[in-house]
Amino acid sequence: MTGETHIPLNDDVREAAAAWHMRMQSDGATGEDWTALTIWLEESPQHRAAFDEIDLLADEIAINASEILAGVTRPSAEIVPFPARKPPPQRKAERPPAAAIAAAAAAVFVAVGFGGWQASGGPVQTFQTGRGETRAITLADGSRINLDAASRMTVRLGWFSRQVTMSEGEATFDVARNPKKPFEIAVGDQRVRVIGTEFNIRHYDGSTDVTVRRGIVAIYQSSLGDTPVARLTKGMALNHVDGSPASMVRAVNPDRAFAWTEGRIICDSQPLAELIPYLNRRYGVSIRLAPYLASRRFSGVLELGDEKDVVRRLADYLSIRLSGSEREYSLS
Amino acid sequence: MAAYLERREELIRYFRARLRSPEAAQDIVQDIYLKIARRPAEEITNPAAYLYRLGSNLMLDHIKRERRVQRRASAWREATVDTESGIQFADEDPAADRTVAARERLRLIIETVNEMPPAVREAFRLHKLEGLSHAETAAAMGVSRSSVEKYIMASLQRIVKKVGR
């Protein structure tokens with residue numbers, strides 16, 4: 001890419017380079033396509049220079065995407081120039097492929113923009129679980145929510161959007177696609193906007209974890225406006241502490257975050273100070289923990305069967321003393 | 001790894017054309033090998049595309065690093081000696097100029113995007129800024145994939161003409 005930077009380029013060469021760039025960006029670019037591009041590049045210095053130009057420009061755009069996005073004015077919902085897409089006929093038996101789900105939900109950005117959040121009616125439903133109680137909910141739109149113990153949320157299925165407000169708690173969401181109604185969850189000081197479908201949210205003590213198992217989820221920070229702070233795809237998790245300007249995204253095995261819905265939890269060096277409050281909520285019991293044990297960590301799979309067994313197994317594993325019975329235990 | 005071994009020669013050939021240097025191409029392809037050797041085995045849907053993209057990212061990083069070094073050197077020469085007066089400005093910050101130029105380019109890009117026809121702008125926004133694939137962008141806009149490709153090509157050409165290189 002050096003030594004040929006001052007070759008003059010005409011529109012034809014630039015157009016051809018842009019076409020090559022497009023082709024290589026498409027999902028179905030094959031090894032043969034790359035070989036064909038190689039041959040084209042070898043043909044002339046103009047080709048190489050023009051391809052460098054478009055490649056570096058695309059990179060510059062990618063690096064500065066959020067800044068450019070902030071400066072780009074968006075056509076308002078009323079003047080969107082595209083033909084409205086008719087929702088495809090509902091096929092009950094088969095699930096649409098992930099890409100189609102993502103794409104359909106992305107349509108929401110175009111059609112509704114961000115006005116949808118405010119402009120909606122519909123009754124507010126409150127779902128709540130007590131300690132020792134979990135609940136599976138199917139909403140009127142077909143979305144499914146698993147609510148873990150001691151959790152609370154309100155749901156409003158409005159005309160233009162589906163809104164959930166989640167306070168303390170944990171839940172998994174399997175959101176029915178509806179390009180006309182975005183699904184948005186307010187949790188802590190963030191908003192989670194669904195572009196695809198299946199994810200888990202955990203919100204305790206001002207800390208939020210979002211883990212995606214299928215599809216795409218966009219996260220917005222109230223204080224940072226309408227540009228998503230993160231776009232999570234399958235196998236990504238975001239952690240955010242309320243009030244903090246930053247969020248942390250990492251790659252995870254998403255099944256771990258969903259394990260609680262199948263009656264087990266998977267711990268990876270989890271401090272007892274977090275694990276015990278979880279068990280207290282989940283079983284509606286009271287397990288007291290000697291202060292010196294708060295920082296002890298547990299790694300492994302905990303089958304959430306009978307409460308006594310769980311507590312005993314944990315005590316055995318960590319070689320600590322268990323006393324008490326019938327919903328009142330202490331570990332020391 | 002099988003895909004790498006199978007495409008190794010083709011990869012070298014591609015990066016030789018891009019970099020105009022057989023040695024640099026060898027280096028990049030070696031770096032690709034190191035990257036994939038370290039990476040846990042996992043299913044990749046389009047291994048050939050993955051290898052080229054990995055190499056392209058390595059190449060771009062390398063080029064950007066080199067340009068920074070070059071720019072710093074030349075900016076330094078320009079900043080330290082004003083050729084007409086011969087006065088030295090040793091404490092001038094060469095990086096400041098660079099930042100101003102980059103910001104100006106960014107401003108021009110944003111301006112160009114805002115001047116695009118709505119459909120072109122929307123395709124550009126969804127694909128290049130929001131990170132949707134061509135197929136997802138097409139579905140989101142309710143148009144065909146070939147239309148999306150046409151829009152995105154048009155958007156890139158507008159920007160290339162405005163900011164050039």
Side-chain angles (χ1 to χ4, degrees), chain A residues 1-5 11 14-15 18-19 21-22 24-31 34-35 37-38 41-42 48-49 51-62 64-69 71-75 79-85 99-100 102-104 106-110 228 231, chain B residues 3 6-7 10-11 13-14 17-21 46-49 52-53 56 59-60 63-64 66 102 105-107 109-111 113-114 117-119 121-122 124-143 145 149 152-153 156-157 159-161 163-165:
Chain A
M1 279 211 185
T2 47
E4 294 180 355
T5 46
D11 286 353
R14 280 181 162 152
E15 189 179 335
H21 173 79
M22 282 289 320
M24 306 334 286
Q25 289 287 306
S26 89
D27 319 314
T30 63
W34 288 93
T35 303
L37 169 61
T38 305
L41 289 171
E42 286 169 349
R48 293 191 285 272
F51 196 76
D52 283 354
E53 180 184 65
I54 195 88
D55 210 27
L56 285 166
L57 179 69
D59 180 61
E60 187 179 355
I61 290 168
N64 297 296
S66 58
E67 209 165 331
I68 297 171
L69 195 58
V72 170
T73 49
R74 220 170 288 188
I79 59 157
V80 172
F82 320 117
R85 207 163 94 99
V108 156
F109 276 99
V110 183
R231 182 178 290 280
Chain B
E6 191 183 308
R7 288 213 76 81
E10 277 300 313
L11 285 163
R13 194 177 152 201
Y14 173 75
R18 291 301 306 275
L19 290 154
R20 291 90 166 158
S21 153
N46 189 343
Y52 283 96
R53 292 204 181 115
S56 299
M59 180 179 70
L60 286 172
I63 288 163
K64 281 184 280 187
E66 254 184 11
R105 278 177 68 89
L106 210 54
R107 195 191 62 75
I109 291 174
I110 291 170
E111 189 182 289
V113 175
N114 281 328
R121 192 193 333 168
E122 195 58 12
F124 176 83
R125 184 175 76 78
L126 291 172
H127 175 59
K128 288 290 180 194
L129 306 180
E130 298 267 14
L132 299 188
S133 71
H134 290 175
E136 288 166 347
T137 305
M141 292 178 62
V143 300
R145 246 174 78 160
E149 293 181 356
I152 292 171
M153 257 191 70
L156 289 176
Q157 278 177 281
I159 300 175
V160 160
K161 272 188 209 157
V163 302
R165 40 180 187 190

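Letters A, B, ... are given to chains in the order of the sequence lines, protein chains preceding strands, and every chain is numbered from 1. A quick note: this is a predicted structure, and the numbers were derived from the prediction, not measured.
The minimum heavy-atom distance linking A49(B) with A29(A) is given by the pair CB-O, 3.9 Å. Scanning all heavy atoms of the two residues, the minimum distance from P228(A) to E130(B) falls at CG-OE1, 4.3 Å. Nearest heavy-atom pair, L129(B) versus V72(A), reported as atom, atom and distance to 0.1 Å: CD1-CG2, 4.2 Å. Listed here is the closest heavy atom pair of R7(B) and G31(A): NH2-O, 2.9 Å. Between M153(B) and A19(A), the closest heavy-atom pair is SD-CA, 3.6 Å. Nearest heavy atoms, G71(A) versus N114(B): O-ND2, 3.0 Å.
Contact tally against chain A (heavy-atom pairs below 4.5 Å) for H127(B), K161(B), Q157(B), E111(B): the top residue is Q157(B).
For E60(A), the part lying near chain B is the side chain, with the backbone staying farther off; criterion is any non-hydrogen pair under 4.5 Å. Contacts between I68(A) and chain B at a heavy-atom distance below 4.5 Å involve backbone atoms as well as side-chain atoms. For chain A, the nearby part of I109(B) is the side chain; its heavy atoms alone come within less than 4.5 Å.
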Just do the side-chain contact (heavy atoms from CB on, under 4.5 Å) check on R18(B) and D55(A) with the steps written out, would you? CA-CA 11 Å; R18(B) 291 301 306 275; D55(A) 210 27; 2.9 Å; yes

Set out, in order, the CA-CA distance, both residues' side-chain angles and the distance that settles side-chain contact (heavy atoms from CB on, under 4.5 Å) for D52(A) and R20(B), then state yes or no. CA-CA 11 Å; D52(A) 283 354; R20(B) 291 90 166 158; 2.8 Å; yes

Start with the C-alpha gap between I159(B) and I61(A), add the side-chain angles, then the distance that decides, and say whether side-chain contact (heavy atoms from CB on, under 4.5 Å) holds. CA-CA 10 Å; I159(B) 300 175; I61(A) 290 168; 3.9 Å; yes

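Between W34(A) and Y14(B), the two ring planes are perpendicular [angle over 60°; tilted spans 30° to 60°].
Of the candidates Q25(A), M22(A), H21(A), I152(B) forms a side-chain contact (heavy atoms from CB on, under 4.5 Å) with just one, namely M22(A).
Partners of E15(A) according to the side-chain hydrogen bond (donor to acceptor under 3.5 Å, both in side chains) rule, which considers only residues two or more places apart in sequence or in another chain, do not exist here. Partners of S66(A) under the side-chain hydrogen bond (donor to acceptor under 3.5 Å, both in side chains) rule, at least two apart in sequence or in another chain, do not exist in this structure.
A donor-acceptor contact shorter than 3.5 Å is absent between the side chain of R13(B) and the backbone of T35(A).
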